[in-house]
Amino acid sequence: MGLSETRHFAATHAQTVHLAEDRLGFAWYSFGIRHPAVFTPRARGGCAQGRSPGLVILVFPVFHTIEKRVHGAFHAHIQVRYGVDLAFAIEQPRQSDFGEMAVPAAFQLAKQLRQAPKKIASELASEIGPIEGVAAYEAAGNGYINIRLDRGAYGAGLLGGESEEAAASGEKIIVEHTNINPNKAAHIGHLRNATLGDTFVRMLRARGQRVEVQNYIDNTGVQVADVAAGFHYLERKSAAEVKALIADPAVRFDYYCWDLYARMSAYYHDHPESAPWRSATLHAIEAGEGDIAELAHLVADAIVEKHLATMLRLGVEYDVLPRESEILHLQFWASAFELLKDRKAIYFETEGKNKGCWVMPGLSEEGKVIVRSDGTVTYVGKDIAYQLWKFGLLGKDFFYRRFKTYPDGGELWVTTDDPSAERGQFGHGSRVYNVIDARQSYLQDVVVAGLRGLGYEEQADRSVHFSYEMVALSPRCCAELGIALSEEDRQRPYVEVSGRKGLGVKADDLMDTLIAKAQEEVDSRHAESAPEERRRVATQIAIGALRYFLLKFTRNSVIAFDFQEALSFEGDTGPYLQYAAVRARNILRKLEERGERLPDFAAELSREAMARQLQSEDFWQVLLAASKADSAVERALTAGEPAHVARYAFQLAQAFSNFYHQYSVIHEENREKKVFLLWMTDFFRRQLERTAAVLGIGIPEYM
RNA sequence: GCGCCCGUAGCUCAGUUGGAUAGAGCGUCUGGCUACGAACCAGAAGGCCGGGUGUUCGAGUCACCCCGGGCGCACCA
């Protein structure tokens, strides 16, 4: 999956450039700095911003603009001088004192010209004419051309708000994530899925992309059936009794089901003779008749609510919940089946071990069974139908009703089979990302193969399995949870989370623990603040820590979950970012508390003043880093790697923390320098807050 | 058996698509709080990038072969 997926990303994002500026950043001065909540209104969100279609999206493309200029100039010069149409990328030098950009073109030319790269580099460096925004070139190393920017012009460009409007994209991208079976509480593995998916969505929206977030609900599957069977056969509870249980505020229903599911799974395992319960339950659910079917609906609906609440704590919202029950009732599969048969994407096997089944050829020697010999469809088959619907290729649609309105105004819809309900506004994506863990790669390949088999090559190319590795438990974590490990498991580097065995860290428990720990820190530092305010700050810190922890790993690395690491607020963590932003704000707040006002930067900071101040390497490095927020998100999008955004944010915060320690801003006596430092501090603050918002991390009022 | 992923500092992980002297956090050791709050900063020690052979100006990165670990390969979802 790795290779082809990378290619997808490269093809998708190569031409796009820009990231949203939080417009409120511009309005900030007029609001005054006493109300931080005003200029970070979406501590958790940003979703509504992405949803509103008319928003003008502004960016600071100064670096990118110069980059393009440099590339163009070298490309043209090389063409004229050597007659070569050379493809090359602008790189970032290894060390900051080498300059801001590096052109490696001489290495590539060396091969074609049969000359030493060093020689070519010196030729290029001395012959290339002046480029706007560039102060100097020099040949260095074995053949690099290092480029130093005109710092005064650069700073003036940022201050002047040279901005562009991101090209509004008409196409809609569908991102499907979360997809938790609605039969038990969410655990850390689900949190990784949702956080990755949500952050990817924020990255796309930051770039001005239209995105639809789907959270598929398998409310008729085996997992729900097992819990329904648990209530019915093991606990002998009626639907009415379960209803009462759900309504009981003393019971955490999703936790209750967590245990019941583990018990029922164990029972099935120990009592193979009870297997008919399972199929009886599934049949009842499909037929929609009887107490047990009602039980299943009650369980699924109640747990979906719990999951939505859990995810909202993390700032994760959805646009639509496509449900398996409607896929069933509206007979999506029947339509897909006809298509697959008509276009010969599947065939009826008449012999061998798959005799009597409809099989998709190609992926393995025996092919993949899509329809069983008893005529029922497998999970992948239904998934193919769902994928077809996402692209608008099924020839069928759901009906929809509004499910809830989020506190930030966003609307969540759910599918229904009621023909009098609304229709038409979902699906029809031009590109689809399925955030699903790496263990399901094979099945995702089958889905894509299904599209190809139907002749939908283009859509197959635009179906991306946004895969990630699982979250497992470290041995120490198991010990802390009191999980007894077998001798075999103890030898392993980590233990897989298992809902079936009830083995795992529940999402809400983890968040509660994080909040409690953050609360201790906040209480010890800000005993004077109102309790509910401290609670809010602690929550933001906890969520920031959690989201950052889940995002800092690249997708294909297994996370061996460890409480000590996840609960850390120091070093490479979310709170570190928040702390840097809070400090930048405090500088600006203190200024006002001293009775001073924020200067009119544009009036006081001439280009010459910028150039003077930016001679300081320390100042220049902070400003340069802060100005690259857009391209950091851009690069992360190209790589399909939210972790890259996290890394950039951390490095930016680090640069500022370093600066903060070395220089005093409000006590600076030189007027020009003070104005410059204030401007830089504010610019940093805005850029870090924007980047944190892309990560779904809010900035607390204080820390 | 076949396929995919991983192996980088004591630990947990980055490494900008093949570039310059391989980085960060934690941990260890040393130093720094007078509110722009130390949830921080500075410094030190710490590396055969699992091993080997290739490809080329250049390899942690690409190819092939080993070694070690993980995950898939159901008429389960």
Side-chain angles (χ1 to χ4, degrees), chain A residues 1-3 6 10 89 91-95 98 102 104 107 110-111 116-118 140-144 146 181 218 221-223 353-359 363-365 368-374 376-380 382-383 437-443 445 467 469-470 472 474 492-494 496 518 521-522 525-526 541 545 552-554 556-560 562 564-565 568-573 575-576 578-580 582-591 631-632 635-636 638-639 641 643-644 646-648 650-651 654 657-667 681 702-703:
Chain A
M1 146 241 38
L3 254 183
T6 307
E91 297 177 6
Q92 188 182 330
R94 182 152 220 74
Q95 290 174 22
F98 288 168
F107 293 112
K111 193 174 290 181
K118 215 166 178 171
N142 299 321
Y144 276 103
N146 290 333
N181 275 299
D218 186 4
V222 178
Q223 293 212 19
K353 78 188 252 270
N354 290 336
K355 185 177 178 183
C357 299
W358 286 90
V359 176
L363 284 145
S364 63
E365 279 180 41
K368 173 71 191 170
V369 171
I370 303 296
V371 178
R372 304 180 186 105
S373 53
D374 67 1
T376 57
V377 60
T378 59
Y379 169 77
V380 215
K382 289 188 273 191
D383 220 17
D437 82 77
R439 287 171 292 190
Q440 300 202 44
S441 295
Y442 175 66
L443 294 177
D445 288 345
S467 79
E469 276 293 345
M470 63 178 166
S474 70
R492 294 164 176 268
Y494 44 72
E496 206 172 330
E521 301 284 340
V522 174
R525 285 157 223 246
H526 300 280
I541 293 169
K552 71 193 245 188
F553 301 92
T554 49
N556 59 13
S557 115
V558 176
I559 298 180
D562 184 279
Q564 195 174 313
E565 284 174 41
S568 172
F569 297 155
E570 290 164 18
D572 187 13
T573 66
Y576 181 92
Q578 295 172 317
Y579 193 56
V582 164
R583 286 174 134 184
R585 274 190 192 166
N586 280 349
I587 292 173
L588 303 169
R589 184 183 328 200
K590 288 281 166 163
L591 184 84
S631 52
R635 285 213 320 272
T638 306
E641 197 61 87
H644 291 350
R647 176 146 285 270
Y648 163 76
F650 176 67
Q651 284 168 347
Q654 229 176 6
S657 294
N658 179 335
F659 156 81
Y660 177 92
H661 244 272
Q662 266 187 281
Y663 302 93
S664 176
V665 176
I666 58 182
H667 300 112
T681 299
Y702 53 80
M703 281 182 80

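Residue numbering restarts at 1 for every chain, and letters A, B, ... go by the order of the sequence lines. None of the values given here were measured: they were computed from a predicted structure.
At a cut-off of 3.5 angstrom, the base of B/rC41 holds no donor-acceptor pair with the side chain of A/S657. You'll find a donor-acceptor pair under 3.5 Å spanning the side chain of A/R525 and the base of B/rA39, going by distance alone. The base of B/rA74 is not paired with the side chain of A/N354 by any donor and acceptor separated by under 3.5 Å.
The backbone N or O of A/A646 lies less than 3.5 Å from no partner atom in the side chain of A/K552, so there is not a single donor-acceptor pair. Checked by atom type and distance alone, the side chain of A/D562 pairs as donor or acceptor with a backbone atom of A/E565 at under 3.5 Å. Side chain of A/T681 to backbone of A/A584: no donor-acceptor contact under 3.5 angstrom is found. A/H644 places no side-chain N or O within 3.5 Å of a backbone atom of A/A639 that could act as its donor or acceptor partner.
If you check every strand for non-hydrogen atoms under 4.0 Å, A/F553 touches sugar and phosphate atoms only. A/Q654 comes within 4.0 angstrom of the backbone, heavy atoms only, and of no base. Contact annotation for A/E565: backbone-only contact, meaning every heavy-atom pair under 4.0 Å involves sugar-phosphate atoms and none involves a base. Heavy atoms of A/Y576 sit under 4.0 angstrom from primed sugar atoms or phosphate atoms, though from no base atom. Contact annotation for A/V359: no contact, since no heavy-atom pair falls under 4.0 Å across all strands. Nucleic acid contact for A/S557: sugar-phosphate only, since backbone atoms but no base atoms lie under 4.0 Å from a heavy atom of the residue.
Comparing B/rA39, B/rA77, B/rU21 by their nearest atom to the side chain of A/Q95 picks out B/rU21. Side-chain proximity of A/S373 to the nucleotides B/rC75, B/rG32, B/rA14 is greatest for B/rC75. Distances were taken from every side-chain heavy atom of A/H644 (C-beta onward) to each of B/rA39, B/rC75, B/rA14; the shortest belongs to B/rA14. In the set B/rA24, B/rA14, B/rA77, B/rA77 carries the atom at the smallest distance from any side-chain atom of A/D218.
The separation between A/Q92 atom CD and B/rG15 atom C1' is 12 Å, rounded to whole Å. Rounding to whole angstrom units, NE2 of residue A/H667 and P of B/rU34 are separated by 14 Å. A straight line from CD of A/E570 to C1' of B/rC40 spans 9 Å, rounded to a whole angstrom. Atom CD in A/E521 sits about 7 Å away from atom C1' in B/rA39, given to the nearest Å. Distance CG (A/N658) to C1' (B/rA42): 9 Å, rounded to an integer number of Å. The separation between A/Y648 atom OH and B/rA24 atom P is 19 Å, rounded to whole Å. Computed from coordinates, the A/Q662 CD to B/rC40 C1' distance equals 13 Å when rounded to whole Å.
Taking the C1' atom of each, B/rG58 and B/rG46 are spaced 28 Å apart, rounded to whole Å. The same atom, P, is picked in B/rC75 and in B/rG15; the two are 37 Å apart, to the nearest Å. Straight-line distance between the C1' atoms of B/rC65 and B/rA24: roughly 33 Å, to the nearest whole Å.
An OP1 or OP2 oxygen of B/rU12 is reached within less than 4.0 angstrom by no side-chain nitrogen or oxygen of A/K552.
Across all strands shown, B/rU28 is found opposite B/rA44 as a Watson-Crick or G-U wobble partner, with both distances under 3.5 Å. Under the Watson-Crick or G-U wobble criterion, with both distances below 3.5 Å, B/rA39 has no partner in any strand shown. B/rC4 is paired with B/rG70 under the Watson-Crick or G-U wobble criterion, all donor-acceptor distances under 3.5 Å. B/rG18 makes up no base pair with any nucleotide shown, lacking Watson-Crick or G-U wobble contacts both under 3.5 Å. Across all strands shown, B/rU61 remains unpaired; no Watson-Crick or G-U wobble contact has both distances below 3.5 Å.
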Mark up nucleotides 68-73 of chain B, 5' to 3', with B wherever a protein heavy atom is under 4.0 angstrom from a base atom, S wherever such an atom reaches only the sugar-phosphate, and - elsewhere.
-SSSSS

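Taking all atoms of both residues into account, the shortest heavy-atom contact from A/M703 to A/P575 is CE-O, 3.6 Å.
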